[in-house]
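So you know, we letter chains A, B, ... as the sequences are listed, proteins then strands, and number each from 1. Please read all numbers here as calculations on a predicted model, not as lab measurements.
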Protein chains: 2
Amino acid sequence: MTQVSETRAARRSWQDIRDEIHSRVLSRRYKPGDKLPRDEDIAEELGCARSTVQRAMQDLNDAGIVERKRKSGTQVRPDPVTRATLDIPITRVEVEARGARYGYQMLARGHEMTPPPVASAFGLSAPEEMLHIEALHLADDAPFILEDRWVSLGTCPEIVDVDLSVQSANEWLVMHKPYDLMDLRFYAVNANGEMAARLNVSEGAALLVIERSTWIGKRPITTVRSVTTPGYQLLTGS
Amino acid sequence: MTQVSETRAARRSWQDIRDEIHSRVLSRRYKPGDKLPRDEDIAEELGCARSTVQRAMQDLNDAGIVERKRKSGTQVRPDPVTRATLDIPITRVEVEARGARYGYQMLARGHEMTPPPVASAFGLSAPEEMLHIEALHLADDAPFILEDRWVSLGTCPEIVDVDLSVQSANEWLVMHKPYDLMDLRFYAVNANGEMAARLNVSEGAALLVIERSTWIGKRPITTVRSVTTPGYQLLTGS
DNA sequence: TAGTGGTCTAGACCACTAA
DNA sequence: TAGTGGTCTAGACCACTAA
């Protein structure tokens with residue numbers, strides 16, 4: 001009935017194993033560029049199953065602490081990086097989360113040939129006719145984000161039948177067009193005359209721009225440049 | 001010697017299972033907010049082990065497609081988010097990756113009480129004396145990033161003995177001070193007089209600012225405001 | 001071609017939490 | 001307190017790739 005009196009090590013979780021290996025990296029027992037022992041040997045040393053080491057290593061790999069390759073093994077990443085996860089919600093949800101009323105205005109819509117910056121964002125070799133939409137997202141009737149979007153007609157032919165003056169292209173695409181590759185770019189610009197007028201800010205104001213392009217199976221879906229209003233911040237957790 | 005002739009389904013990988021569930025979400029067979037079957041039932045339906053479903057679900061959860069809770073099960077996230085991973089390298093490595101020569105200048109260093117914006121970034125209830133460092137990172141002798149950093153003396157007493165005019169605090173902290181919580185903020189500012197002078201840009205230029213704070217076990221380590229030069233972009237892959 | 005990481009399985013047990 | 005996801009294990013086999 002009673003437990004065997006022999007002391008038993010508490011079962012170690014993959015987080016314990018990860019922390020142990022991480023602390024060896026931080027204490028320089030494993031130095032940047034060093035090769036680590038094989039998973040199997042670490043498992044034996046730390047007294048757990050190989051799959052537990054595998055789980056821990058997967059996490060350290062995702063966090064940018066180590067780099068793993070078959071045959072050649074695991075090594076400490078020579079150049080540590082800070083890795084963060086960024087969540088970008090649908091604009092409507094973002095506005096509502098701030099307790100404001102969401103509004104949307106389509107400013108322009110038409111079929112046009114892609115100008116060079118758009119073609120290059122998509123990596124197109126030649127210009128292509130796409131759907132071009134300019135729209136404004138509002139929070140409590142004030143301008144919030146100005147969006148300039150191009151949508152591939154080849155990849156998304158259905159979008160020509162959607163009434164984008166009611167539902168934002170942002171929302172329609174998120175719900176209907178899955179992507180398998182995305183590219184994000186963030187930078188700052190001084191508001192030009194048009195941005196200043198649309199967003200109701202002074203010309204020259206510093207604005208954060210978020211550019212996003214998506215592809216499915218190497219075919220372009222959409223590329224959008226979102227110009228935010230002054231004071232806008234992008235935040236990450238974790 | 002020969003294989004049994006009975007056809008066998010090819011073994012399905014966790015990626016296959018993930019894609020199958022994802023496609024059911026996209027096709028609205030499972031709608032936003034819907035509860036999914038238990039992992040065990042999905043495993044039986046798709047003919048794989050429960051742990052394979054678990055692996056697939058872990059990925060869908062990380063990608064923001066579903067939300068999982070014990071007892072109440074798995075549901076399709078009602079508000080889809082775009083989730084991206086951002087890698088921020090050490091500034092030296094970033095400069096070198098552009099093929100430029102890295103340089104570093106410490107502009108100022110001293111012990112000061114934290115001003116309100118810094119105390120609030122750390123969530124401190126009262127101001128505290130910390131190490132305050134201003135420094136400039138250079139690429140081929142041109143200003144690249146201007147950094148304004150505060151380091152907690154309580155959490156990092158060793159840093160007072162480091163010669164930060166040679167090695168950047170950025171680099172020393174990354175190599176010696178692990179953190180378990182990080183907070184990132186991105187926004188745009190118009191260059192004020194001091195920034196313009198330090199970075200050699202016109203006053204009013206739009207600059208991307210990256211603010212980062214780190215903690216270990218709820219104790220503050222460092223908070224840094226990095227002001228980048230015009231044209232600087234933050235990029236993500238995947 | 002041989003070595004290392006990646007994945008799958010069945011089963012056991014744990015941990016959290018809605019009811 | 002009962003139901004569901006989370007983790008661990010041992011073992012088998014696969015997939016990639018440095019040498």
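One N or O donor and one acceptor, one from the side chain of A:Arg50 and one from the base of C:dG6, sit under 3.5 Å apart. Remark: the B:Arg55 side chain and the C:dG6 base include no donor-acceptor N/O pair separated by less than 3.5 Å.
For B:Asp39, taking side-chain heavy atoms from C-beta onward, the closest of the listed nucleotides C:dG5, C:dT9, D:dG5 is D:dG5. Listed candidates were D:dA12, C:dT9, D:dT7. Nearest to the side chain of B:Thr52 is C:dT9. Listed nucleotides D:dT7, D:dT9, C:dT9 differ in distance to A:Ala49; the shortest reach to its side chain belongs to D:dT9.
Under 4.0 Å is where a charged nitrogen must lie from a carboxylate oxygen, and between A:Arg68 and A:Asp39 at least one such pair does.
At D:dG6, one or more side-chain N or O atoms of B:Arg68 fall inside 4.0 Å of OP1 or OP2 (strictly under the cut-off). Look at A:Thr74 and you'll find a side-chain N or O under 4.0 angstrom from OP1 or OP2 of C:dG5. Close to D:dG5, at under 4.0 Å from its OP1 or OP2, lies no side-chain N or O of B:Gln54.
Taking the nucleotide of DNA chain C with the nearest heavy atom to each of A:Leu36 and B:Gly47, the more 5' of the two is matched to A:Leu36. Of the residues near DNA chain D, A:Ser51 and B:Asn61, the one whose nearest nucleotide (by heavy atom distance) lies more toward the 5' end is B:Asn61.
One atom, CG of B:Asp62, and another, C1' of D:dG6, lie 13 Å apart when rounded to the nearest Å. One atom, CG of A:Asp41, and another, P of C:dG3, lie 13 Å apart when rounded to the nearest Å. Spacing between atom CZ of B:Arg12 and atom C1' of D:dC14 amounts to 18 Å, rounded to whole angstrom units. For the pair B:Lys35 NZ and D:dG3 P, the interatomic distance rounds to 11 Å; values are reported in whole Å. Atom CE in A:Met57 sits about 13 Å away from atom P in C:dT4, given to the nearest Å. The CH2-P distance, from A:Trp14 to C:dC13, rounds to 23 Å in whole Å. The nearest whole Å value for the distance from the CG atom in A:Asp59 to the C1' atom in C:dG5 is 16 Å. What separates CG of A:Asp16 from C1' of D:dT7 is a distance of 12 Å, to the nearest Å.
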Return the polar atom pairs (N/O with N/O) between nucleotides 16-19 of chain D and the protein under 3.5 Å, or none.
| residue | atom | partner | partner atom | Å |
| --- | --- | --- | --- | --- |
| D:dC16 | O4' | A:Arg70 | NH1 | 3.2 |

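A 3.5 Å limit on both hydrogen-bonding distances identifies C:dG11 as the Watson-Crick or G-U partner of D:dC8. With a 3.5 Å ceiling on both atom-pair distances, the Watson-Crick or G-U wobble partner of C:dT1 is D:dA18.
The environment of A:Glu44 atom CD is sparse: at most 12 non-hydrogen atoms of other residues, nucleotides or ligands sit within 6.0 angstrom. Atom CD of B:Gln167 is surrounded by more than 12 heavy atoms from other residues, nucleotides or ligands within 6.0 Å. Enclosure of atom CD in A:Gln233 by more than 12 non-hydrogen atoms of other residues, nucleotides or ligands within 6.0 angstrom is indicated.
When each of B:Arg38, B:Arg12, B:Arg24 is paired with B:Glu45, the salt bridge (charged side-chain N to carboxylate O under 4.0 Å, His left out) condition holds for B:Arg24 and for no other.
A donor-acceptor contact closer than 3.5 angstrom links the side chains of A:Arg212 and B:Thr82.
When every heavy atom of A:Gly154 is checked against every heavy atom of A:Arg219, the shortest pair comes out as O-NH1, 4.2 Å.
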Go through the steps to decide whether B:Ser226 and B:Tyr232 satisfy the test side chain to side chain contact (heavy atoms under 4.5 Å, CB included), and finish with yes or no. CA-CA 12 Å; B:Ser226 298; B:Tyr232 186 94; over 6 Å; no
